[in-house]
Protein chains: 2
Amino acid sequence: MKSVHLAFEVLEAVAFEPGEIGVSELANKLRTTKGTVFRHLQTLVDRGYLIQNASTQRYRVGARAYLIGRAAAERVDIIAGSQDAMRSLRDETGETVVISSLSNRGNIVMNTLIGKSSLEIGVRVGSVLEPHATAQGKAVLAFDTQGLAKQLRRRGLAGLTPHTVTDIDELERQLEAVRAQGYATAAEEMLLGISALAAPVMDDSGKTVGSIAIVGSIQNIGRQPTPEQIEAVLRAAQRVSWNLGYVGHLPFEPRGGRAPARKAMG
Amino acid sequence: MKSVHLAFEVLEAVAFEPGEIGVSELANKLRTTKGTVFRHLQTLVDRGYLIQNASTQRYRVGARAYLIGRAAAERVDIIAGSQDAMRSLRDETGETVVISSLSNRGNIVMNTLIGKSSLEIGVRVGSVLEPHATAQGKAVLAFDTQGLAKQLRRRGLAGLTPHTVTDIDELERQLEAVRAQGYATAAEEMLLGISALAAPVMDDSGKTVGSIAIVGSIQNIGRQPTPEQIEAVLRAAQRVSWNLGYVGHLPFEPRGGRAPARKAMG
DNA sequence: ATTTTTTGTATCATAATTCGGAACATGGTT
DNA sequence: AACCATGTTCCGAATTATGATACAAAAAAT
């Protein structure tokens, strides 16, 4: 479905462009001809997904794109089902809360709630979370059943900071620990000074569909997070999963039963 | 651009469907064949705009549609520029606030903020506002320069309640009043018991691009709204218009404020 | 001012693409 | 077991999108 794919390429290129963009610029960004891009822009304007600035003749995203996004927000389960849990988690921990969703395009940041610290730490919605260098990535990898971890062996692990796990066997060991604990951490593995704590979110079929995480300064979320932080994240993940129809408990037991791993480490 | 149009028809049909929908149902809703619809569904799933429920094999809107919408929310001026004014207006009046945007598909509800009354009155985002039977419609008609009012002559005015204005000349007289006052009202003209008060929103070129309105019970927003309500709506409209780059004042003078220095947004 | 470059838009023949019908597979219902 | 409705696959026909070329107008450069 070539033309449809191209139409969406055009839509996305314009939508994610800050400001406006013209036909020519788009054409060689998408490696096509001006004529083709022009035609696509026209139909998208027709449909209200884009609008053309009458004076500059350049294009920007339009109202209809916003409307289908709103419709989606009500129906994409992990968005609708995480609203309350996000707020609770933010209030309990004070940290920035990040929801990510696993799609065929990777583990994508879907929603965020900025923490209370005076220095605001955020993550851009829509960005792709590195599987091996983020807490969210590891939380999802550990409980994934489609063999995502296998794919990493071929690709290799890029080192983003001195703390990034670049050895695949070391990563596997960490994933084993994540499975045992029910949560994943990543301290300064993506960006120096920033740390995260994440837990997986499951849907009604028990499949891992995303994660909920807190992200903050390494000063607030330590290499070994506090039991309170862990408990709060696990509880939030459980709540969201239940909202998605997940039955039973996540691999951990948030309350009673086996306490979260809290070994006295050297 | 036939296939692209159809692709968006499919996307919209699925996105605005409450719950999930199947290939066959979609095919005769769009008057096409199953094969064609199926192919389109496939490419949309490919791109992440739709997802297929593995167990029911039916389709629903997906994460990417949400992301596009989020990107649009930041760049569609009237959405981004009305956030604060909406909240203020809601707090000042206690009523439900509605933002609408004028597009080639009509005057569309883009965003709402539910009022404080215990009986919640809302308007569905995405719905089309009747030009002649809503305060928002009249506010836009009165200040429109593209001859939207002319088009109504051909179409005629459908009576939705006993209070709907169905005479085109009477409507013209009302529009004249709207131009003089800067605001429009519609008491029980769309739905008995419900009343609204709206003011137009202008962009940097001075064109009317939408409206901001309060909607509520006829008990709270009377046939002749209070000066406080009128003042609040007018001030909100002025604020939003300024945020869109509109220079100078709307046709009224809210309270002797002056326009801020023109500043590019984004 | 005048040329040069770059922009958005229009046209058109070719070729690749999408379409639609029919056939197949599968699961649920009668 | 037969039936019905569903999602999916296949393939020839022809509609449809493509990209080269051309044009107008606005910037940029001379």
Side-chain angles (χ1 to χ4, degrees), chain A residues 1-62 65 75 103-104 146 203-205 207, chain B residues 1-62 65 75 104 204-205 207 264:
Chain A
M1 216 103 213
K2 197 175 156 192
S3 71
V4 174
H5 275 289
L6 185 53
F8 278 100
E9 291 288 334
V10 170
L11 171 59
E12 291 170 15
V14 176
F16 293 129
E17 184 77 22
E20 304 179 336
I21 190 170
V23 173
S24 305
E25 194 179 344
L26 256 177
N28 59 0
K29 178 172 277 190
L30 301 178
R31 289 173 216 296
T32 331
T33 60
K34 284 194 297 178
T36 300
V37 168
F38 174 68
R39 217 151 9 86
H40 279 280
L41 285 169
Q42 236 178 193
T43 70
L44 288 167
V45 168
D46 242 44
R47 290 212 143 259
Y49 284 86
L50 304 179
I51 55 183
Q52 184 175 25
N53 186 326
S55 58
T56 66
Q57 295 188 135
R58 298 165 69 102
Y59 297 82
R60 67 167 183 275
V61 70
R75 294 171 178 79
S103 71
N104 47 12
Q146 347 259 72
D203 71 3
D204 57 322
S205 69
K207 201 179 63 183
Chain B
M1 216 104 212
K2 197 175 153 191
S3 71
V4 173
H5 274 289
L6 185 53
F8 279 99
E9 291 288 335
V10 170
L11 172 60
E12 292 169 14
V14 176
F16 293 129
E17 184 77 22
E20 304 179 336
I21 190 170
V23 174
S24 304
E25 194 180 343
L26 211 47
N28 59 1
K29 179 172 277 188
L30 301 178
R31 290 173 215 294
T32 331
T33 59
K34 285 194 296 179
T36 301
V37 168
F38 174 70
R39 213 153 8 87
H40 279 280
L41 285 168
Q42 237 179 192
T43 70
L44 288 167
V45 168
D46 243 45
R47 290 211 142 259
Y49 284 86
L50 303 180
I51 55 183
Q52 184 175 24
N53 186 326
S55 56
T56 66
Q57 294 186 136
R58 301 169 67 117
Y59 298 82
R60 67 168 184 275
V61 69
R75 295 172 178 78
N104 46 12
D204 57 323
S205 69
K207 199 179 62 182

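Chain letters run A, B, ... following the sequence lines, proteins first, then strands; residues in each count from 1. The shown structure was predicted, so the numbers you read here are calculated from the model rather than taken from an experiment.
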What's the [atom1]-[atom2] distance between [X] and [N], to the nearest Å?
| X | N | atom1 | atom2 | value |
| --- | --- | --- | --- | --- |
| B/N53 | C/dG27 | CG | C1' | 15 Å |
| B/M1 | D/dG19 | CE | C1' | 12 Å |
| A/N28 | C/dT7 | CG | C1' | 12 Å |
| A/L30 | D/dT18 | CG | P | 12 Å |
| A/L44 | D/dA17 | CG | P | 13 Å |

Does the side chain of [X] get closer than 4.0 angstrom to OP1 or OP2 of [N] through an N or O atom?
| X | N | answer |
| --- | --- | --- |
| B/T36 | C/dG20 | yes |
| A/H40 | D/dA17 | no |
| B/R39 | C/dT18 | no |

Can we say B/E17 and A/R75 salt-bridge, meaning some charged N sits less than 4.0 Å from an Asp/Glu carboxylate O?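 No, B/E17 and A/R75 are not salt-bridged.
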Can you measure from [atom1] ([X]) to [atom2] ([Y]) and round to the nearest 0.5 angstrom?
| X | Y | atom1 | atom2 | value |
| --- | --- | --- | --- | --- |
| A/L6 | A/R31 | CG | CZ | 13.0 Å |
| A/N53 | A/I21 | CG | CD1 | 14.0 Å |
| A/I51 | A/R58 | CD1 | CZ | 14.0 Å |

Work out which heavy atom in B/L50 is nearest to a heavy atom in B/L11; give both atom names and the distance.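 What the structure gives for the nearest pair is CD2-CD1, 3.9 Å.
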What are the two closest non-hydrogen atoms of A/V45 and B/N104, and how far apart are they?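 Minimum heavy-atom separation between A/V45 and B/N104: O-ND2, 3.6 Å.
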Distances for protein N or O near nucleotides 3-7 of chain D N or O, under 3.5 Å:
from	atom 1	to	atom 2	distance (Å)
D/dG7	OP1	B/V23	N	2.9
D/dG7	OP2	B/V23	N	3.2
D/dG7	OP2	B/S24	N	2.7
D/dG7	OP2	B/S24	OG	2.8
D/dG7	N7	B/K34	NZ	3.2
D/dG7	O6	B/K34	NZ	3.1

Between A/F8 and A/Y49, does the ring centre distance come in under 6.0 Å?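 Not close enough - the centres of the two rings lie 6.0 Å or further apart.
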For DNA chain D, what residues of residues 2-9 of chain A have any heavy atom nearer than 4.0 Å?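 Correct list: A/S3, A/L6.
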Kindly say whether B/L30 contributes a backbone atom to a donor-acceptor pair with the side chain of B/T32 at under 3.5 angstrom?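 Present.
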Test log, rule salt bridge (charged side-chain N to carboxylate O under 4.0 Å, His left out), inputs B/E9 and A/R47: CA-CA 10 Å; B/E9 291 288 335; A/R47 290 212 143 259; 2.4 Å; yes
